[in-house]
Visitor: 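Can you read through this structure? Questions will come right after.
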Amino acid sequence: MLDSKLVRTQLQDVAERLATRGYQLDVARIEALEAQRKTVQTRTEQLQAERNARSKSIGQAKQRGEDIAPLLADVDRMGSELEAGKAELETIQSELDQMMLSLPNLPHESVPVGKDEDDNVEVRRWGTPTTFEFEVKDHVALGEQHGWLDFETAAKLSGARFALMRGPIARLHRALAQFMIDLHTSEHGYEEAYTPYLVQAPALQGTGQLPKFEEDLFKISRENEADLYLIPTAEVSLTNIVAGEILDAKLLPLKFVAHTPCFRSEAGASGRDTRGMIRQHQFDKVEMVQIVEPSQSLEALEGLTANAEKVLQRLELPYRVLSLCTGDMGFGAIKTYDLEVWVPSQDKYREISSCSSCGDFQARRMQARYRNPETGKPELVHTLNGSGLAVGRTLVAVLENYQQVDGTIRVPEVLRPYMGGIEVIG
């Protein structure tokens, strides 16, 4: 959430910066609400002062033996007006709060300005796409060849956008997740966490999924208890570890990593990537989260992105890094790098990780702070998150990039210890 003081005092500047994201801020409505709020607040404060003075005068009039009935009536009238004023203030503030919750983050000045994905800027590439001397199969054909990737049975169980993996492919999927976790914990300094897959609404509001993106979530309603939501990413549970906390600066940076399933309704994705495992309602992801001092935010983003890249490098999968433009960034980000892996069957790069700094946007919603050692005062932390990586999409990339002419799959060397030394499946 944006700083409400910043929005009030620099409203036009905020509107212009949000416009680069394609978001049109209702400046007139905010100005009207703020003017109304100031008027009602001033009137309410005056009423409170008058009522206090009148109440004091009642005792003095009583001592003098005067009739206090008119004064009592006046105090009662003021009390009613005061309650009405407070109710009006609450209504105005509630609308302002809801508007604030709906505003996306402000892009960092280093982010390229653009409308959509066509305006993203390529930063670098790693590796060279393999040239195959035979007709390339996609991951669906490769998986179904031996019955190891079964979408028909998954649809019987759960409907569209689910996959059933069996045998060597299921093992390869598990191996990928274990490899990623081991890499991030042993070489990149992350602490492994196992988190709940179900969270309450405040956690999702804290990281920005609620209220704006509720249609993308799977919700479980419970009678006489708070609703629960299936996590769309472990970013939600990992980041909210520090919700409501004032951290010792010596503990920063905090670096968490978790392997979890992720659940997304894919609202608005009808007709997109309907074949295969690219876009599913349930998929696994290894998620990295960092909690840092504000001064370290952008430097930490470079490091987090490099951590995700290292996974692809160890797997020897060609990829490129994009700096997302203002119009293509996620709701809570101030700056984002996307990693796109080479998918041979599509003859193009596809997103496999998104790494973002959210600045203090999530921290303000969660009230996550640290005590500044120089001032001794609590200040908002900065939060970062990134996929390290999406396991299913990495499996797709491995199957397609390591396929052989007979449909068998070479196992990447770094995964062989997790596969019992197997070099080829199929």
Side-chain angles (χ1 to χ4, degrees), residues 117-143 149 169 172-173 175-184 187-188 273 275-279 283-288 301-325 328 336-356 386-419 423-426:
E117 60 184 17
D118 292 333
D119 295 321
N120 294 336
V121 175
E122 185 173 313
V123 177
R124 57 184 171 271
R125 293 191 181 197
W126 187 93
T128 303
T130 302
T131 301
F132 292 91
E133 296 180 354
F134 53 88
E135 186 176 351
V136 171
K137 295 179 181 178
D138 69 8
H139 68 282
V140 177
L142 291 165
L149 194 53
I169 282 185
L172 188 59
H173 183 266
L176 282 164
Q178 289 181 306
F179 160 67
M180 293 175 194
I181 287 287
D182 286 350
L183 177 63
H184 294 316
E187 297 188 25
H188 299 154
D273 294 310
R275 179 176 170 82
M277 295 180 64
I278 296 293
R279 196 176 295 276
F283 60 95
D284 278 35
K285 186 150 66 81
V286 170
E287 183 74 3
M288 303 176 293
L301 176 59
E302 298 297 328
L304 183 134
T305 304
N307 297 157
E309 289 183 68
K310 186 62 69 175
V311 177
L312 292 169
Q313 291 170 10
R314 293 287 176 86
L315 291 168
E316 299 183 70
L317 292 171
Y319 68 89
R320 66 175 182 171
V321 180
L322 302 177
S323 179
L324 297 195
C325 71
D328 198 35
T336 298
Y337 292 114
D338 267 10
L339 274 59
E340 294 186 342
V341 70
W342 181 254
V343 178
S345 68
Q346 298 182 20
D347 196 34
K348 64 180 179 180
Y349 292 95
R350 295 299 306 267
E351 181 193 339
I352 198 167
S353 173
S354 190
C355 300
S356 301
S387 305
L389 305 165
V391 182
R393 292 194 178 193
T394 310
L395 177 65
V396 168
V398 168
L399 292 176
E400 294 201 10
N401 282 279
Y402 280 87
Q403 64 181 292
Q404 301 184 102
V405 65
D406 59 356
T408 58
I409 311 296
R410 287 191 301 110
V411 176
E413 190 172 341
V414 293
L415 297 183
R416 291 173 189 174
Y418 300 90
M419 296 287 290
E423 297 184 7
V424 177
I425 62 173

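Keep in mind that the numbers below use all heavy atoms, side chains included, and drop hydrogens, waters and symmetry copies. Treat the numbers as computed from the prediction; the structure is a model and nothing was measured.
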Visitor: Just by distance, do the side chain of H139 and the backbone of L395 share a donor-acceptor pair under 3.5 Å?
Guide: no
Visitor: Let's go through F179 and V414 carefully: what are the C-alpha distance in whole Å and the side-chain angles of both, what is the deciding distance for side-chain contact (heavy atoms from CB on, under 4.5 Å) to 0.1 Å, and is it a yes or a no?
Guide: CA-CA 8 Å; F179 160 67; V414 293; 4.1 Å; yes
Visitor: Any pair with a residue in residues 393-419 that passes salt bridge (Lys or Arg N to Asp or Glu O under 4.0 Å), sequence neighbours left out, goes on the list, sorted by first then second residue, please.
Guide: none
Visitor: So which heavy atom on W126 is nearest to which on L312, and how close?
Guide: CZ3-O, 4.2 Å
Visitor: Holding to side chain to side chain contact (heavy atoms under 4.5 Å, CB included), I want the full list of residues that pass it with A308, two or more places apart in sequence or in another chain.
Guide: M288, L339, S353, C355, L389
Visitor: Could you walk me through whether L315 and K310 pass side-chain contact (heavy atoms from CB on, under 4.5 Å), step by step?
Guide: CA-CA 8 Å; L315 291 168; K310 186 62 69 175; over 6 Å; no
Visitor: Using side chain to side chain contact (heavy atoms under 4.5 Å, CB included) as the criterion, list what pairs up with D182, not counting sequence neighbours.
Guide: Y418
Visitor: For E122, give me all partners under salt bridge (Lys or Arg N to Asp or Glu O under 4.0 Å), at least two apart in sequence or on another chain.
Guide: R125, R320
Visitor: State, with a plain yes or no, whether a side-chain heavy atom of V398 is found less than 4.5 Å away from one of L172.
Guide: yes
Visitor: Going by the rule side chain to side chain donor-acceptor pair (under 3.5 Å), which residues pair with T336 if we only count those two or more places apart in sequence or in a different chain?
Guide: S356
Visitor: When rounded to the nearest 0.5 angstrom, what is the spacing between CD1 in I425 and CG in L399?
Guide: 6.5 Å
Visitor: Using side chain to side chain contact (heavy atoms under 4.5 Å, CB included) as the criterion, list what pairs up with V136, not counting sequence neighbours.
Guide: F132, P344, S345, Q403
Visitor: Does either side chain, that of E340 or that of Y319, offer a donor lying less than 3.5 Å from an acceptor on the other one?
Guide: no
Visitor: Work out which heavy atom in G276 is nearest to a heavy atom in V140; give both atom names and the distance.
Guide: CA-CG2, 3.4 Å
Visitor: Taking T408 for the side chain and Q404 for the main chain, is one N or O donor matched with an acceptor at less than 3.5 Å?
Guide: no
Visitor: Using the side chain to side chain contact (heavy atoms under 4.5 Å, CB included) criterion, which residues pair with P129? Sequence neighbours excluded.
Guide: P318, W342, Y349
Visitor: Can you tell me how far CD1 of I181 sits from CD of E287, rounded to the nearest 0.5 angstrom?
Guide: 10.5 Å
Visitor: In Å and rounded to the nearest 0.5 Å, what is the CG to CG distance from D338 to L324?
Guide: 4.0 Å
Visitor: Report the residues that fulfil side chain to side chain donor-acceptor pair (under 3.5 Å) with S323, sequence neighbours left out, ordered by chain and then residue number.
Guide: none
Visitor: Heavy-atom count around E117 CD within 6.0 Å, excluding the residue itself: above 12?
Guide: no
Visitor: Measure across T394 and M180 and return the closest heavy-atom pair with its distance rounded to 0.1 Å.
Guide: OG1-CE, 3.5 Å
Visitor: Which residues pass the salt bridge (Lys or Arg N to Asp or Glu O under 4.0 Å) test with D328, not counting sequence neighbours?
Guide: none
Visitor: Which atoms form the tightest heavy-atom contact between V341 and A397, and what is the distance?
Guide: CG2-CB, 3.8 Å
Visitor: So, taking the atom named OG1 in T128 and the one named CD in E316, what distance separates them when rounded to the nearest 0.5 Å?
Guide: 12.0 Å
Visitor: Could you work out, with ring pair (Phe, Tyr, Trp, His ring centres under 6.0 Å) as the rule, every residue matching H184, not counting sequence neighbours?
Guide: H188, Y190
Visitor: How close do S387 and K285 get, heavy atom to heavy atom, and via which atoms?
Guide: OG-CD, 3.2 Å
Visitor: Checking V411 against E423 for the side-chain contact (heavy atoms from CB on, under 4.5 Å) test, could you report, in this order, the C-alpha distance in whole Å, the side-chain angles of both residues, the deciding distance, and whether it holds?
Guide: CA-CA 5 Å; V411 176; E423 297 184 7; 5.6 Å; no
Visitor: Between L415 and A175, what is the shortest heavy-atom contact and its length?
Guide: CD2-O, 4.0 Å
Visitor: Find the distance between CG (D284) and CE (M277) and round it off to the nearest 0.5 Å.
Guide: 8.5 Å
Visitor: Not counting sequence neighbours, which residues clear ring pair (Phe, Tyr, Trp, His ring centres under 6.0 Å) with Y337? List them please.
Guide: none
Visitor: Can you list every salt bridge (Lys or Arg N to Asp or Glu O under 4.0 Å) pair that touches residues 344-354, not counting sequence neighbours?
Guide: D273-R350
Visitor: I want to check something: taking the side chain as every heavy atom from C-beta on, are V286 and Q178 in contact at a cut-off of under 4.5 Å?
Guide: no
Visitor: Nearest 0.5 Å, what's the CG-OH distance between L142 and Y402?
Guide: 14.5 Å
